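On a predicted model such as this, the values are computed, not experimentally measured, just so you know. Hydrogens, waters and symmetry mates are skipped; everything else that's a heavy atom, side chains included, is used. Convention: sequence-line order gives letters A, B, ...; per-chain numbering from 1.
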There are 2 protein chains.
Amino acid sequence: MTTIYDVAQAAGVSISTVSHVLNGTRFVSEATKARVLQAVEQLGYRPSSLARALVRQVTHTVGLIVPDNVNPFFAEVARGIEDCGLAAGYSVILCNSDRSLSKEEIYLDMLISKRVDGLVYMTVQTRGEMLQPLKDHNIHAVVFDREYEGFDALLLDNLGGGYDAARHLLSLGHRRIACITGPDGPTRSQDRVTGYQRALEEAGIVPDPELVVAGDWTFESGRRAARHLLHLDDPPTAIFACNDAMAVGVLSYLCSRGIRVPEELSVMGYDNIALSAYTCPPLTTMATPIREVGQCLCELLLGRIAGQLPPEPQRVVIRSELLVRGSTGPARA
Amino acid sequence: MTTIYDVAQAAGVSISTVSHVLNGTRFVSEATKARVLQAVEQLGYRPSSLARALVRQVTHTVGLIVPDNVNPFFAEVARGIEDCGLAAGYSVILCNSDRSLSKEEIYLDMLISKRVDGLVYMTVQTRGEMLQPLKDHNIHAVVFDREYEGFDALLLDNLGGGYDAARHLLSLGHRRIACITGPDGPTRSQDRVTGYQRALEEAGIVPDPELVVAGDWTFESGRRAARHLLHLDDPPTAIFACNDAMAVGVLSYLCSRGIRVPEELSVMGYDNIALSAYTCPPLTTMATPIREVGQCLCELLLGRIAGQLPPEPQRVVIRSELLVRGSTGPARA
DNA sequence: TTGAAAGCGCTAACAA
DNA sequence: TTGTTAGCGCTTTCAA
């Protein structure tokens with residue numbers, strides 16, 4: 001392991017000179033600069049970010065806590081964050097919480113110990129106090145789809161999205177519209193359900209609680225929910241899944257039963273993950289600009305870290321818009 | 001930011017005592033231990049991994065370079081690695097190379113600077129020399145699906161997999177079997193094509209080069225390839241896509257043209273990503289234990305880091321096995 | 001135009 | 001049973 005001392009010695013200068021040529025932080029004559037650079041090259045020297053971070057108190061590293069990076073939505077967001085981070089010279093530490101409180105705590109501890117400069121927090125934690133230690137170590141955090149006092153947040157317009165989704169189905173003549181939600185709990189995405197209900201009510205339909213069933217965002221849960229819904233005495237003519245993955249599960253179940261979409265049943269999702277353009281039929285969905293969500297999250301965080309943001313916590317809202325593809329159609333007469 | 005000094009002061013002991021109670025590295029009387037712990041608690045002290053890493057020369061951090069974490073295959077592998085790493089107290093830095101040489105170099109530099117203890121390298125780089133700097137900084141690396149002199153490797157049995165895939169199609173009576181490959185280049189996954197060709201030849205079929213078309217592992221490329229293949233004068237009766245994502249693209253194209261699977265055309269993929277159980281119809285595929293791939297990669301790396309592996313580079317081979325679902329069927333008479 | 005030296009927050013001899 | 005101190009590899013003031 002070659003250190004700055006080795007380089008200094010090889011170049012016949014002091015370590016401070018080496019440091020300064022490497023960082024361009026004060027004038028160094030061309031001649032010595034050249035010698036230093038050559039020594040660096042020849043020795044294959046790479047400055048230790050560790051040592052640097054210790055003195056500068058910045059690591060150029062951020063943490064990313066997601067429920068599960070396999071979930072296509074989070075995969076795409078993670079990608080957006082990673083890209084944006086790379087461009088700014090940040091690396092990102094990936095953390096999968098599985099929505100488990102204890103895992104979140106472990107990761108939080110780990111990230112604090114590692115002295116990350118900031119953290120994108122995309123998971124479902126009730127108690128905002130859990131983030132307090134971050135403050136104590138002045139680690140900035142931006143929170144996704146949820147609001148914590150004192151933290152920047154990127155919010156989705158779930159209410160509007162759920163509303164628009166239901167309106168679309170309503171406009172096709174559907175009256176019995178089912179909704180597959182996320183797991184119970186204080187998820188803001190429950191707002192999608194609220195939006196859906198509001199649209200129904202406005203259309204003079206009293207929402208049937210039987211038609212609202214909980215999934216857990218996975219393919220499999222969508223599939224199960226579909227099976228359940230279609231065995232109801234009075235089954236729905238349309239299903240709105242609160243994310244695309246569950247909608248794919250619905251499609252999969254319908255396919256296995258030979259039920260034609262959208263002729264016999266309309267299906268729609270939410271998010272517009274890449275996959276949803278390739279299902280059979282292609283999925284009508286509430287399109288969220290997912291990569292931009294990631295980018296925006298990252299920009300918020302980096303802006304905060306750089307001290308370029310106003311002191312008060314920021315609130316950015318991102319809307320989703322209806323994208324009609326082949327999986328929804330007129331209700332059968 | 002509270003440091004070990006603050007804790008020592010608050011507890012009325014020296015910093016070495018604090019260090020030792022925190023690390024359990026030498027005997028400390030119950031009384032002082034209690035006082036230290038209390039001070040730690042009260043001050044919300046978290047040791048700096050940075051400082052610790054600087055002296056101990058280990059960061060408990062590993063790098064992961066993948067082409068794209070959105071690709072479901074790599075998403076699942078990443079998950080496997082992350083889980084395994086967490087269990088051992090390691091964090092993982094996520095890097096997306098997009099198979100770009102320059103990005104790989106940037107990441108490699110970054111990871112070396114950050115002094116990761118090791119690195120899982122899952123991307124397509126011709127020149128093994130690029131990994132030389134790792135050696136110089138004695139950073140261990142395990143390489144996926146490729147062999148570099150002096151590095152541990154986890155290999156897939158692509159040859160056998162391609163062979164078995166084609167055999168399956170052959171056994172269903174197909175004679176014109178197309179193959180959608182990855183991008184050109186020295187990918188080991190070209191072996192899947194070789195295996196496929198070998199099976200055809202053994203069945204007395206001379207492989208038609210027109211039937212082998214290159215994709216880039218994405219949904220879209222599968223779709224495009226399918227379109228191309230079906231416009232051939234003598235189109236195939238079966239398509240073997242070298243990964244599931246492309247097979248999904250194929251399915252999507254067929255769906256849009258109203259071509260029934262498997263009645264009119266058989267389709268199979270490779271990998272068995274989670275999604276492939278939920279396509280319409282469910283995808284026949286060469287099932288790879290993807291999570292285990294991730295776990296194995298991680299175990300190899302951590303084993304190497306811990307010095308528990310024999311000095312010579314390890315070679316672990318993982319096989320995929322045929323999983324017949326609904327997307328393949330008898331060739332039409 | 002450059003060097004010396006203090007210090008970032010820890011660990012781990014070495015002493016007591 | 002505990003404390004003192006020398007680093008780990010850097011940045012950055014202060015001096016020259």
Side-chain angles (χ1 to χ4, degrees), chain A residues 1-37 39-40 43-61 109-110 112-117 136-139, chain B residues 1-37 39-40 43-61 109-110 112-117 136-139:
Chain A
M1 256 286 307
T2 82
T3 75
I4 198 171
Y5 285 96
D6 303 317
V7 176
Q9 187 164 23
V13 297
S14 74
I15 61 166
S16 61
T17 294
V18 175
S19 174
H20 282 121
V21 344
L22 257 23
N23 298 307
T25 169
R26 88 177 171 194
F27 181 88
V28 177
S29 74
E30 285 307 321
T32 45
K33 194 185 288 185
R35 267 183 304 140
V36 169
L37 258 15
V40 166
L43 297 174
Y45 170 69
R46 320 276 167 120
S48 161
S49 295
L50 248 43
R52 186 184 308 218
L54 190 58
V55 13
R56 290 221 261 212
Q57 305 279 42
V58 278
T59 51
H60 282 273
T61 304
D109 266 4
M110 175 182 239
I112 292 175
S113 281
K114 293 243 156 99
R115 298 297 190 260
V116 294
D117 296 336
D136 299 341
H137 293 262
N138 62 79
I139 292 176
Chain B
M1 258 284 310
T2 82
T3 73
I4 198 171
Y5 285 95
D6 303 317
V7 176
Q9 187 164 26
V13 298
S14 73
I15 60 166
S16 61
T17 296
V18 175
S19 174
H20 283 121
V21 343
L22 256 23
N23 298 307
T25 168
R26 85 176 175 195
F27 183 88
V28 178
S29 75
E30 285 308 321
T32 46
K33 195 184 288 184
R35 268 185 303 140
V36 169
L37 260 14
V40 165
L43 298 174
Y45 169 69
R46 319 277 168 121
S48 161
S49 295
L50 249 42
R52 184 182 307 212
L54 190 58
V55 11
R56 288 221 263 213
Q57 306 278 41
V58 278
T59 51
H60 282 274
T61 304
D109 266 4
M110 174 181 240
I112 292 175
S113 282
K114 293 244 157 95
R115 299 295 190 262
V116 294
D117 296 336
D136 300 341
H137 293 262
N138 61 78
I139 292 176

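Among the atoms of the strands shown, none is found under 4.0 Å from any heavy atom of B:Thr25. Among the protein residues, A:Ser19 comes within range of the nucleic acid bases, having at least one heavy atom under 4.0 Å from a base atom. Counting any heavy atom pair closer than 4.0 Å across all strands shown, B:Thr17 reaches sugar-phosphate atoms only and no base atom. At the heavy-atom level, A:Ser49 lies nowhere under 4.0 Å from the strands shown. Residue B:Leu50 is classed as having no contact, given no heavy-atom separation below 4.0 Å to the nucleic acid.
Running 5' to 3' along DNA chain D, contacts with non-hydrogen atoms of chain A at under 4.0 Å begin and end at D:dG9 to D:dC14. Once you apply a 4.0 Å limit to the heavy atoms of chain A, the touched nucleotides of DNA chain C run 5' to 3' over C:dT1 to C:dG9.
For the pair B:Leu22 and B:Val40, the minimum side-chain heavy-atom distance is below 4.5 Å. Counting only heavy atoms from C-beta outward, the side chains of B:Arg26 and B:Thr17 approach each other to under 4.5 Å. For the pair A:Pro47/A:Arg52, a side-chain contact is recorded, criterion being any heavy-atom separation below 4.5 Å from C-beta on.
Atom CG of B:Asp136 is separated from atom CG of A:Leu43 by 10.5 Å, given to the nearest 0.5 angstrom. In this structure, CG in A:Asp117 is found 10.5 Å from CD in A:Gln57, a value given to the nearest 0.5 Å. For the atom pair A:His137 NE2 and A:Ile112 CD1, the distance stands at 5.0 Å (nearest 0.5 Å).
Place B:Leu54 and B:Ser29 on DNA chain D by their nearest nucleotides, and B:Ser29 ends up nearer the 5' end. Residue order along DNA chain D, read from the 5' end via each residue's closest nucleotide, puts B:Lys33 first among B:Lys33 and B:Ala51. Checking A:Tyr5 against A:Val13, the closest nucleotide of DNA chain C that is more toward the 5' end is the one next to A:Val13.
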Worksheet item: Can A:His20 and A:Val13 be said to form a side-chain contact (heavy atoms from CB on, under 4.5 Å), step by step?
Response: CA-CA 11 Å; A:His20 282 121; A:Val13 297; over 6 Å; no
Worksheet item: Can you check side-chain contact (heavy atoms from CB on, under 4.5 Å) on A:Ile139 and A:Arg115, steps first, answer last?
Response: CA-CA 8 Å; A:Ile139 292 176; A:Arg115 298 297 190 260; 5.7 Å; no
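Side-chain polar atoms of B:Lys114 and A:Thr61 form a donor-acceptor pair below 3.5 angstrom.
Applying the side chain to side chain contact (heavy atoms under 4.5 Å, CB included) test between B:Leu37 and each of B:Val18, B:Val7, B:Val21 identifies B:Val21 as the sole match.
Note on the helix from C:dT1-D:dA16 to C:dA16-D:dT1: angle between the axes of the first and last five pairs equals 40°, rounded to 10 degrees.
Using modelled atom types, one side-chain atom of B:Arg35 and one backbone atom of B:Ala11 make a donor-acceptor pair closer than 3.5 Å.
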